[in-house]
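Each remark here refers to the structure printed beneath this line.
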Protein chains: 4
Amino acid sequence: MQSRTPPARTGRPRSAAADAAILAATRDALVEIGWSRMSLGDVAQRAGVAKTTLYRRWAGKNELVVDAVAELFDELVLPDGDSLAADVVGVVLQFGELLRRPETRTALMAVVAESTSDPALRLRIRTAIVDRQKRLVLQGRERAQRRGELPYETEPAVAEQHADLIFDVIAGTVVHRALVSDGPVDEAWAQALAGLLIAGLPTAMA
Amino acid sequence: MQSRTPPARTGRPRSAAADAAILAATRDALVEIGWSRMSLGDVAQRAGVAKTTLYRRWAGKNELVVDAVAELFDELVLPDGDSLAADVVGVVLQFGELLRRPETRTALMAVVAESTSDPALRLRIRTAIVDRQKRLVLQGRERAQRRGELPYETEPAVAEQHADLIFDVIAGTVVHRALVSDGPVDEAWAQALAGLLIAGLPTAMA
Amino acid sequence: MQSRTPPARTGRPRSAAADAAILAATRDALVEIGWSRMSLGDVAQRAGVAKTTLYRRWAGKNELVVDAVAELFDELVLPDGDSLAADVVGVVLQFGELLRRPETRTALMAVVAESTSDPALRLRIRTAIVDRQKRLVLQGRERAQRRGELPYETEPAVAEQHADLIFDVIAGTVVHRALVSDGPVDEAWAQALAGLLIAGLPTAMA
Amino acid sequence: MQSRTPPARTGRPRSAAADAAILAATRDALVEIGWSRMSLGDVAQRAGVAKTTLYRRWAGKNELVVDAVAELFDELVLPDGDSLAADVVGVVLQFGELLRRPETRTALMAVVAESTSDPALRLRIRTAIVDRQKRLVLQGRERAQRRGELPYETEPAVAEQHADLIFDVIAGTVVHRALVSDGPVDEAWAQALAGLLIAGLPTAMA
DNA sequence: AATTAAGCGAGACGGTACGTCGTGTCTTGAG
DNA sequence: CTCAAGACACGACGTACCGTCTCGCTTAATT
């Protein structure tokens with residue numbers, strides 16, 4: 001809560017309202033016209049702001065969009081299920097719902113695409129969006145361990161590897177289902193995925 | 001009985017060599033200058049082809065890149081493993097290798113990102129790239145069934161749902177690992193993923 | 001009426017209908033869409049002819065247009081006036097009328113413009129269009145001389161210089177009036193011009 | 001009382017230097033590569049200016065060339081002659097000289113040709129080039145009237161009609177001589193034309 | 001209250017790529 | 001050898017956005 005503006009601050013301060021208007025306008029523009037067709041001139045006009053103001057705050061489209069969508073992902077919570085399977089289903093459904101919103105799906109994939117040739121952006125995405133959600137896996141595992149559904153892993157490095165893998169599996173699978181295969185992420189599908197994860201292929205297919 | 005060319009058959013036919021040259025030039029340009037900086041003028045020049053020729057065949061950058069990248073995915077083959085786990089590991093490693101090549105990772109994510117607000121492009125990606133690779137899942141399942149590792153599913157609709165789910169899980173997980181989590185897709189990781197899929201979480205974590 | 005095709009003629013002969021159709025289509029296109037916007041593809045399509053056919057007969061747009069409009073200028077005749085002034089007025093009005101037709105005005109100026117940097121085209125215009133109309137000046141002078149309105153010039157070279165000058169004056173003035181000053185070429189204006197030519201400035205302005 | 005800038009006065013003002021550079025580059029390009037081969041991209045590059053800047057000020061090639069050439073016509077001055085005939089000869093020779101320069105002849109006829117099917121362009125040519133040079137006729141007439149060579153016309157409308165006609169005659173005749181008949185505009189020819197204008201045909205041919 | 005320095009809107013600027021169009025040539029198969 | 005059809009290499013078109021740069025005008029904190 002303390003001011004961390006490093007140097008002396010003279011002159012007219014930056015408008016806080018402008019920041020909010022720009023981020024909101026960015027999300028609107030993403031929904032309406034898509035990533036590639038969205039120009040920063042558009043965003044500035046929608047926000048009632050000069051392009052200069054926008055470039056004074058962000059280096060480019062990528063940085064702006066990451067900031068504009070990062071907060072949307074913090075809505076995810078681990079639902080109050082009574083089994084590991086229910087927890088998985090709950091998270092999958094929430095994530096699926098998030099990916100149905102145009103601004104989320106478009107912006108997320110756009111910045112991931114850009115990040116394939118921009119390591120700094122990749123890091124920013126991971127810290128600002130992805131890693132924050134690993135808490136869901138950790139919470140879910142802990143609950144399942146308390147219920148006796150999963151064993152305790154004593155080696156911390158191994159435990160982290162497990163968590164990372166599970167996160168990749170769940171997040172990657174839902175994204176692929178929603179954005180590539182273009183199929184619904186509904187109750188039935190979520191249960192099938194949860195069944196596969198918990199029981200393994202031979203049992204799940206039996 | 002033979003001629004099924006539906007409309008008229010007049011005028012100079014399109015050059016088959018041009019198609020190949022354009023697709024190859026597209027891949028080269030992707031590697032050398034990246035998706036976003038690559039212009040269709042560049043591609044045309046590299047291919048020794050006029051821009052017109054390019055636009056006569058493809059509607060834009062996205063469609064062109066989908067086709068250019070699609071061919072790369074046809075390299076994937078189901079390796080000659082002697083167990084379901086070995087087959088999964090083999091495919092995962094191949095796919096991981098493919099995603100390490102800059103043109104593949106960049107182009108794939110770029111078109112997926114565009115496709116989030118372009119249903120026609122989404123369909124094209126699915127038919128040109130994704131659906132073609134489901135053969136790997138089908139082959140792998142069949143081998144596993146013959147070995148007795150997996151049961152036979154008699155209901156075709158259910159069988160297809162299983163295949164789709166498995167494909168989403170494997171493809172999505174590998175993409176997420178490679179492009180978002182930014183971790184290596186190596187032998188150890190591939191075995192961990194295969195173990196999870198075959199045995200289920202409780203066993204895999206034990 | 002005899003075939004004057006110089007070498008042996010083998011293969012399919014050229015369609016005579018095609019020539020006429022192309023020239024007519026050229027005139028139509030000039031009227032409707034103007035010189036610069038008229039493409040040879042347009043002309044070919046209007047004539048129901050392939051572009052190849054067109055290029056087989058003419059070297060380009062300029063040559064085609066010269067041929068297409070040359071004959072229109074042969075309509076001009078020296079009217080049956082009873083004085084030099086009446087003859088001048090009659091010719092001026094006819095020429096003015098010709099320049100009101102869109103295809104004539106556009107095509108004439110277009111080829112003249114092209115000819116400024118193409119001596120061969122300049123020659124072609126002069127022989128195909130301009131020089132043919134000098135007959136009007138020669139006829140008018142002869143009549144005026146017979147009426148006693150103009151003296152006889154005995155030196156042929158001087159007589160030709162006079163005729164050339166008069167032609168430049170009349171043709172140039174009418175073109176400038178019609179196409180640049182954009183004023184009407186009507187009876188009153190024609191009489192004013194004739195008066196100036198015959199009586200000279202001091203008298204004409206008195 | 002003073003500021004009559006009609007609309008808003010905001011944003012960066014247009015560079016006056018750019019206008020001059022563009023017009024000069026246009027003239028250079030006309031000389032070096034000719035009207036039809038000259039592209040606006042060329043002009044922009046020669047002027048060290050972006051194409052955008054060029055299109056912000058002119059609607060197209062025609063308008064630009066009209067303005068670029070118009071300045072050249074302002075070089076014309078009424079020479080310090082001591083008779084009406086000398087003044088006419090002086091102006092004719094200057095105009096003939098102007099029409100010997102490739103950029104002038106080509107550009108002038110090209111825009112006139114375009115103007116035959118573009119009334120707005122016709123107006124622009126008239127206001128930017130033609131009407132400005134009528135001053136020469138007005139000055140010459142005034143001098144001749146002071147010398148007693150021409151009568152005073154008291155009716156303004158008639159006086160204007162006279163001036164317009166004389167302008168059409170001189171300008172049209174010189175253009176026709178120079179560009180169509182392709183003859184020299186030299187001292188002898190200029191004197192013949194002046195003689196015709198001042199004395200009328202019967203006297204001039206005597 | 002006056003000064004001052006940055007923020008602000010507007011929009012012009014030099015660039016680059018776009019997707020389309022026209023040119024003149026070439027390549028088919030049919031006549 | 002001609003024809004209609006249309007693909008081809010080339011190159012200009014006019015537009016859109018980029019990110020930067022003036023402009024003249026606020027707007028606060030400092031004098």
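Lettering of chains follows the sequences in order, A, B, ..., and the numbering in each one begins at 1.
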With nearest nucleotides of DNA chain E determined for Ala18(D) and Gly60(B) from heavy-atom distances, which residue corresponds to the more 5′ nucleotide?
->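 First, find each residue's nearest nucleotide; the 5'-ward one identifies Ala18(D).
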
First encountered from the 5' end of DNA chain E, between Pro13(B) and Ser15(A) =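 Going by which nucleotide is closer to the 5' end, it is Ser15(A).
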
Between [X] and [Y], which heavy-atom pair has the shortest distance, and what is it?
{"X": "Gly60(A)", "Y": "Leu40(A)", "value": "C-CD1, 4.3 Å"}
{"X": "Arg57(A)", "Y": "Ser15(A)", "value": "NH2-O, 2.9 Å"}
{"X": "Ser115(B)", "Y": "Leu121(B)", "value": "N-CD2, 3.7 Å"}
{"X": "Thr116(D)", "Y": "Ala113(D)", "value": "OG1-O, 2.6 Å"}

Which one, [options], comes nearest to the side chain of [X]?
{"X": "Arg14(A)", "options": "dG7(E), dC3(F), dC13(E)", "value": "dG7(E)"}
{"X": "Arg56(D)", "options": "dC13(E), dA17(E), dA7(F)", "value": "dC13(E)"}
{"X": "Tyr55(C)", "options": "dG7(E), dA28(F), dG24(E)", "value": "dG24(E)"}

With distance as the sole test, does Arg105(C) use its side chain to make a donor-acceptor pair with the main-chain N or O of Arg101(C) at under 3.5 Å?
-> no

In whole angstroms, how far is the [atom2] atom of [N] from the [atom1] atom of [X]?
{"X": "Ile22(B)", "N": "dA7(F)", "atom1": "CD1", "atom2": "P", "value": "13 Å"}
{"X": "Leu54(C)", "N": "dG6(F)", "atom1": "CG", "atom2": "P", "value": "17 Å"}
{"X": "Trp35(C)", "N": "dG22(E)", "atom1": "CH2", "atom2": "P", "value": "15 Å"}
{"X": "Met38(D)", "N": "dG11(F)", "atom1": "CE", "atom2": "P", "value": "18 Å"}
{"X": "Arg37(B)", "N": "dT16(E)", "atom1": "CZ", "atom2": "P", "value": "14 Å"}

DNA chain E contacts among residues 40-50 of chain B, heavy-atom distance under 4.0 Å =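 Within residues 40-50 of chain B, the residues near DNA chain E are Leu40(B), Gly41(B).
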
Ser39(D) side chain near dG11(F) phosphate (N/O to OP1/OP2, under 4.0 Å) = no

Could you list the residues that satisfy side chain to side chain donor-acceptor pair (under 3.5 Å) with Gln45(B), not counting sequence neighbours?
->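 Partners of Gln45(B) under the side chain to side chain donor-acceptor pair (under 3.5 Å) test: none.
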
Validation row: Val69(C), Leu108(C) side chains within 4.5 angstrom (heavy atoms) | no

Lys/Arg-Asp/Glu bridge criterion (N-O < 4.0 Å) met for Arg46(C), Glu32(C) = yes

So what does Arg57(B) touch, heavy atoms closer than 4.0 Å: a base, only the sugar-phosphate, or nothing?
-> sugar-phosphate

State, without any angle test, whether Ser36(A) and Glu114(B) hold a side-chain donor-acceptor pair at a distance under 3.5 Å.
->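 The answer is yes; a qualifying pair exists.
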
What about [X]: does its side chain form a donor-acceptor pair under 3.5 Å with the base of [N]?
{"X": "Thr52(A)", "N": "dA10(E)", "result": "yes"}
{"X": "Arg12(D)", "N": "dC21(F)", "result": "yes"}
{"X": "Lys51(C)", "N": "dG24(E)", "result": "yes"}

If we fit an axis to the first five pairs and another to the last five of the helix from dA1(E)-dT31(F) to dG31(E)-dC1(F), what angle do they make, to the nearest 10°?
-> 10°

side-chain hydrogen bond (donor to acceptor under 3.5 Å, both in side chains) contacts touching residues 60-70 of chain B (sequence neighbours left out) = Trp58(B)-Asp67(B), Asp67(B)-Arg124(B)

Close N or O pairs between protein and nucleotides 2-4 of chain E (under 3.5 Å):
none

Output side-chain donor-acceptor pairs under 3.5 Å for residues 20-30 of chain A, partner residues at least two apart or in another chain, one line each.
from: Thr26(A); atom 1: OG1; to: Ile22(A); atom 2: O; distance (Å): 2.7
from: Arg27(A); atom 1: NH1; to: Ala68(A); atom 2: O; distance (Å): 2.5
from: Arg27(A); atom 1: NH1; to: Glu71(A); atom 2: OE2; distance (Å): 3.2

Kindly compute the distance separating CZ (Arg14(D)) from OG1 (Thr53(D)), expressed to the nearest 0.5 Å.
->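 Here the rounded value is 9.0 Å.
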
